[in-house]
There are 2 protein chains.
Amino acid sequence: MGRLKISPVVKMPIEVQATTALRNAIVSGAIRAGERITEIQISQQMNLSRATVRTALHQLAKEGLLTLVPYTGWTVVSLSAEDVWELYTLRSAVERLAAQLVASTITPAKAARLTEALDVLIQECKRGDTARIAEADFGLHKTIVLLTDHGRLGFQYGLIEQQTRMHIRSSYAIIPSPKRIIEDHRPIVEAICAGKADLAGRLSEQHHLAEGEKHLAHLKRLEKQEPAKTSAAAPRSARKRAPAT
Amino acid sequence: MGRLKISPVVKMPIEVQATTALRNAIVSGAIRAGERITEIQISQQMNLSRATVRTALHQLAKEGLLTLVPYTGWTVVSLSAEDVWELYTLRSAVERLAAQLVASTITPAKAARLTEALDVLIQECKRGDTARIAEADFGLHKTIVLLTDHGRLGFQYGLIEQQTRMHIRSSYAIIPSPKRIIEDHRPIVEAICAGKADLAGRLSEQHHLAEGEKHLAHLKRLEKQEPAKTSAAAPRSARKRAPAT
DNA sequence: GCGCTGGCTATTGTCGCCAATCGACACACC
DNA sequence: GGTGTGTCGATTGGCGACAATAGCCAGCGC
């Protein structure tokens, strides 16, 4: 009597499912940045008790996707220039660490996975579909982070990624040319695979700082052309110069 | 008719107060690492509804202080060697970024605050009380992070700090000599105040990696002397070598 | 003696309802 | 017209009760 060919049912509390569905709705743009939402509205749409929805919303607030004014309401964050600066500087630090960790523990198997992810990115760049290029780009970076086998780093990276995705969807992000994307990413992967931790870390950090600064300058130009849009949400910080490296 | 001299009442929802009280209880060691707690037990002790306590516990789980097995119970995390590795590597990256950011935007006022925090640390090292030295040490690092004016960085640092504090309380942490502490910290502060972002970042990163590795080696020696203690909690990761720099 | 099954207990999950708070608006007074 | 006060509606905060789940233990069959 062998094993039956039945897929296991994955049990998941409703709270967790609600959190996941709401996170996806926010990150995908189905619920827009800056939008006000209420527990009542969401509980009716999801056919769940308000308390269950409330737990989910609190979780997402902790992830930086929502802000709550007690007794008043919830707002999906809308990222200001300062938020953008925070995200790309933090991402540069996290990804520097990831590149260093993977490079210092590189194995043929890890190198193969990295090379494969880079190949996917290169193929998408040749195809030219910007959405698929962006996905492959995220995929390569996620692979580096996953190869660290560092749970907290992966968690932190996930928070940064989802906020970055939200922002890209709700703004007029500039997309580097496919040629440039390949030129930027290949040396990072090569340094990691060659076990050059210091070089890999520096290249990775530089890549994100450079892209972040370009994007920020672009946003500033857009702001000059339009009335300032009110920014809900994340703690405001004064903009600082990027760290010299 | 001018302003009355009455201090404003700081309103804080009970949920937030409960979260803060529980966080303090965990970080201070009043609730021990590895301990199992239940919503019912905590709600009775705090004289609050279980639902309120539940919200608080979920928040703290998100901060990495607790883990939940659905329908079964909550456990205060007990940090394994792998967790320690994760914390100090992540801390090294975060503090590297902080040092770089402050150094690249240094002002006389910031330099004064940093120098003051270093002076406090030096004074405590002369006094020799290890608890006060540790507090002054944390205080200096927190000052650097706060001077970045980077909300997300401060939040991330706070998570690392509280988990580190928990671990220090629940383990036989080795404390560096006061002389060594001064030798390690002074060059970091000097580099930051001199606006040398690259040097400040490297020194800061190195400081945490070196201390972390020493501590980890110490833990490994302790583990060899005792039966393995079961580790609740945080995602397990394989130990990796520290990144070369 | 071992493995399986069922029942019980203890816990978290989810619900609906009452309580507390905030913001907007109307009204009264100066 | 401006300011202060009170009320109301909309929202979140907090509660206790019922539902769902997991783990443990006793009993039974082989």
Side-chain angles (χ1 to χ4, degrees), chain A residues 1-4 8-23 26 31-32 34-77 230 232-233, chain B residues 1-4 6 8-23 26 31 34-77 230 232-233:
Chain A
M1 174 116 185
R3 295 187 56 206
L4 302 178
V9 175
V10 178
K11 285 175 297 186
M12 191 73 66
I14 302 289
E15 283 176 340
V16 177
Q17 294 180 45
T19 305
T20 301
L22 278 168
R23 182 189 295 118
I26 292 171
I31 306 179
R32 292 188 307 275
E35 188 165 346
R36 180 170 180 268
I37 60 176
T38 68
E39 299 174 1
I40 294 170
Q41 169 196 15
I42 299 294
S43 69
Q44 284 169 353
Q45 288 181 25
M46 297 183 93
N47 220 23
L48 295 175
S49 156
R50 189 168 64 80
T52 306
V53 166
R54 180 173 175 67
T55 298
L57 293 174
H58 272 288
Q59 292 280 78
L60 297 179
K62 205 75 177 171
E63 295 179 20
L65 299 182
L66 289 167
T67 58
L68 164 66
V69 178
Y71 294 107
T72 305
W74 300 83
T75 308
V76 181
V77 299
T230 57
Chain B
M1 176 109 190
R3 296 187 54 207
L4 302 179
I6 305 180
V9 176
V10 178
K11 285 174 301 187
M12 191 73 66
I14 302 290
E15 283 176 341
V16 178
Q17 294 179 46
T19 304
T20 300
L22 279 169
R23 183 189 296 115
I26 292 170
I31 306 180
E35 189 167 344
R36 182 172 178 267
I37 62 177
T38 69
E39 297 174 3
I40 295 169
Q41 168 196 16
I42 299 292
S43 69
Q44 285 169 355
Q45 289 180 24
M46 297 182 91
N47 221 22
L48 295 174
S49 155
R50 189 168 65 78
T52 307
V53 165
R54 176 174 178 70
T55 298
L57 293 174
H58 273 287
Q59 292 281 77
L60 297 178
K62 205 74 178 174
E63 295 177 21
L65 298 183
L66 290 167
T67 60
L68 164 66
V69 177
Y71 295 107
T72 306
W74 300 82
T75 308
V76 181
V77 299
T230 57

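Each chain gets a letter, A, B and so on, in the order its sequence line appears, and its residues count up from 1.
The interatomic distance linking A:Glu15 (CD) with D:dA19 (C1') rounds to 13 Å, in whole Å. Between B:Gln44 atom CD and D:dG16 atom C1' the separation is 14 Å, expressed in whole Å. Between the CE atom of A:Met12 and the P atom of D:dA22 there is a distance of 12 Å, rounded to whole Å. The separation between B:Glu39 atom CD and C:dT11 atom C1' is 8 Å, rounded to whole Å. One atom, CD of A:Gln41, and another, P of D:dT11, lie 8 Å apart when rounded to the nearest Å. Residue B:Trp74 contributes atom CH2, which lies 16 Å from atom C1' of D:dA22 at whole-angstrom precision.
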Whether each nucleotide of nucleotides 15-22 of chain C has a protein heavy atom under 4.0 Å at its base (B), only at its sugar-phosphate (S) or at neither (-) is summarised, 5' to 3', as BBB--BBS
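Sorted by first and then second residue, the pairs that involve residues 35-64 of chain B and meet ring pair (Phe, Tyr, Trp, His ring centres under 6.0 Å), not counting sequence neighbours, are B:His58-B:Trp74. Sorted by first and then second residue, the side-chain hydrogen bond (donor to acceptor under 3.5 Å, both in side chains) pairs involving residues 43-53 of chain A (not counting sequence neighbours) are A:Glu39-A:Arg50. Among pairs with a residue in residues 58-68 of chain A, those fulfilling salt bridge (charged side-chain N to carboxylate O under 4.0 Å, His left out) read A:Arg23-A:Glu63, A:Lys62-B:Glu63, A:Glu63-B:Lys62, at least two apart in sequence or across chains. The salt bridge (charged side-chain N to carboxylate O under 4.0 Å, His left out) pairs that include a residue from residues 11-21 of chain A are A:Glu15-B:Arg54, where partners are two or more places apart or lie in different chains.
The side chain of B:Arg54 lies closest to C:dG13, out of D:dG14, D:dT12, C:dG13.
Residue-level contact check: A:Ile40 touches the bases, meaning some heavy atom is under 4.0 Å from a base atom.
Side-chain contact between A:Ile31 and A:Leu22: present, with at least one pair of heavy atoms (C-beta onward) separated by less than 4.5 Å.
Every residue two or more places apart in sequence or in another chain that forms a side-chain contact (heavy atoms from CB on, under 4.5 Å) with B:Val16 is listed here: B:Met12, B:Pro13, B:Thr20.
OP1 or OP2 of C:dG13 sits under 4.0 Å from a side-chain N or O of B:His58.
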